[in-house]
Asks: 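Got a structure here, written out as structure tokens. Questions coming.
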Amino acid sequence: MNETIKLFWRCAEKFAARGFLVAALAAMAFAGIMARPAAAEDPQIAARRASQVKEFTDAQIIEGFFKIAFGAEFHVAGRVDRIRKFDGPVRVYVESRAKPDRRAQVAEVVGDIRNRIDHLDIAVTDDRAAGNIVVTLVRDRALAPTIRAFYGRDRARQIERSLQPQCLSGFEKDAQYRIVRSDVILVVDAGDFVFFDCVYEELLQALGPINDDSSVPWTMFNDDVQMGFFGIYDQHLLNILYDPRVRPGMTQDEVRAVLPQVLPSARAFVARVNGLAR
């Protein structure tokens, strides 16, 4: 098996302007009709959801997809010019090593992702052996030792020296560019906004869209953007990626050939689940 590992993180400056000491590699949260009750939602997330852009041209979606689904912000080995995705059911196992216990919140996010990505069979499992995404929840002070345990001392030193991560994820793929396992590490004690911003982006990047790009202003896969929910723009990108006509290992030219059929399907699904006019 040809294995590669992709690490994701977000630099400390990302949250420094908002009073956080360190930052995260991110995530997205709830959008539209599947939102959590307002009383349970962090005010920063609610404000970002209310102000998100909801309409995009085909060109804007296509440009973002190619920037995010191809390439890699950081990678260890293997080519990064092919589609990488799971090619079967995705089962998420969550291990809580810290308080507060946020397993229920991770399960809520997994359910939201399932509802917003067509053709993706994703669910939480209580069986660690069945999990092909393993989420580990730790306190901030335990993050560095956990990274060393997962990736080894040398690589952990490189990660910590470069970006001071507060959460991160990585995956392994086979020779056909199918993701076979992803690991996600999340800090639970940095507040709700940081947690939800991390858990959405980390789980979604663990599904394959691994390249952060600062030129795409509507995506969570941009180190200058914090959301805390699964935004409409990124729903378009993930629905393209998990359309069955987009296969692991495809090149950009091969994806372009099927986009005239795939993009309308993605648009229709996103419009339906978010109650958008078509």
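When a residue number appears, it is its place in the shown sequence, counting from 1.
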Asks: Below 4.5 Å, heavy atoms only, C-beta onward: do R247 and I83 meet side chain to side chain?
Replies: no

Asks: Provide the closest heavy-atom pair for V255 versus F65 in the form atom of the first, atom of the second, distance.
Replies: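 Smallest interatomic distance, heavy atoms only, reads CG1-CE2, 3.9 Å.
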
Asks: With hydrophobic residues grouped by side-chain heavy-atom distances under 4.5 Å, do F66 and L241 end up in a single group?
Replies: yes

Asks: May I ask you to check whether R245 and S265 show a side-chain donor-acceptor distance below 3.5 Å?
Replies: yes

Asks: Ion pair present between E95 and R97, side-chain N to carboxylate O less than 4.0 angstrom?
Replies: yes

Asks: Could you tell me if K85 sits above the aromatic ring of Y242, with its cationic atom closer than 6.0 Å to the ring centre and no more than 45 degrees from the axis?
Replies: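 Judged by the rule (NZ or CZ under 6.0 Å from the ring centre, within 45° of its axis), K85 counts as positioned above Y242.
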
Asks: When rounded to the nearest 0.5 angstrom, what distance separates CG in L137 from OG in S96?
Replies: 5.0 Å

Asks: Would you call V134 and V184 a side-chain contact if the rule is heavy atoms closer than 4.5 Å?
Replies: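 The answer is no, as the side chains (C-beta and beyond) never meet within the 4.5 Å cut-off.
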
Asks: With side chains defined as the heavy atoms from C-beta onward, is the minimum distance between T125 and V92 less than 4.5 Å?
Replies: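 They are not in contact (no side-chain heavy atoms under 4.5 Å apart), so the answer is no.
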
Asks: Please examine the side chains of F221 and D234, heavy atoms only from C-beta on, and report whether any two atoms are closer than 4.5 Å.
Replies: yes

Asks: Is R102 close enough and on-axis enough to F195, meaning under 6.0 Å and within 45°, for cation-pi?
Replies: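 Here R102 passes the 6.0 Å and 45° test against F195.
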
Asks: Taking the side chain as every heavy atom from C-beta outward, state whether N239 and V270 have any pair of such atoms under 4.5 Å apart.
Replies: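 Contact flag for N239/V270 side chains = yes.
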
Asks: For a side chain to side chain contact (heavy atoms under 4.5 Å, CB included) check, start with the C-alpha distance between Q252 and D81, then their side-chain angles and the critical distance, and finish with the verdict.
Replies: CA-CA 8 Å; Q252 291 195 29; D81 59 346; over 6 Å; no

Asks: Please determine whether the number of non-hydrogen atoms from other residues, nucleotides or ligands lying under 6.0 Å from atom CG of D126 exceeds 12.
Replies: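 No.
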
Asks: When you check the side-chain N and O atoms of Q235 and N274, is any donor under 3.5 Å from an acceptor?
Replies: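 Yes - a donor-acceptor pair under 3.5 Å links their side chains.
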
Asks: Can we say D112 and R114 salt-bridge, meaning some charged N sits less than 4.0 Å from an Asp/Glu carboxylate O?
Replies: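 Result for this pair is no, no salt bridge flagged.
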
Asks: Would L263 end up clustered with V216 when hydrophobic side chains under 4.5 Å apart are linked, directly or stepwise?
Replies: yes

Asks: Considering non-hydrogen atoms only, spot the tightest contact between Q205 and S169 and give its length.
Replies: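 Shortest heavy-atom separation between Q205 and S169 comes out as CB-OG, 4.5 Å.
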
Asks: Taking atom CG of L238 and atom CG of D118, what is their separation to the nearest 0.5 Å?
Replies: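 CG of D118 is found 12.0 Å from CG of L238.
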
Asks: Take a 6.0 Å sphere around CD of Q261 and say whether it holds more than 12 heavy atoms from other residues, nucleotides or ligands.
Replies: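 More than 12 heavy atoms, drawn from other residues, nucleotides or ligands, come within 6.0 Å of this atom.
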
Asks: Could you tell me whether the side chain of L186 reaches within less than 4.5 Å of the side chain of V138, counting heavy atoms only?
Replies: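 With C-beta onward as the side chain, the pair stays apart.
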
Asks: Does some side-chain heavy atom of R84 sit less than 4.5 Å from a side-chain heavy atom of P248?
Replies: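 No, side chains not in contact.
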
Asks: Does R91 make a cation-pi contact with F86 (under 6.0 Å, within 45 degrees of the axis)?
Replies: no

Asks: Between I62 and W218, is there shared hydrophobic-cluster membership here, with clusters defined by ILVMFWY side-chain heavy atoms closer than 4.5 Å?
Replies: yes

Asks: Under a 4.0 Å N-O cut-off, is there an ion pair linking K99 with D189?
Replies: no

Asks: Answer yes when R267 and D58 have at least one side-chain N-carboxylate O distance shorter than 4.0 Å, and no when they do not.
Replies: yes

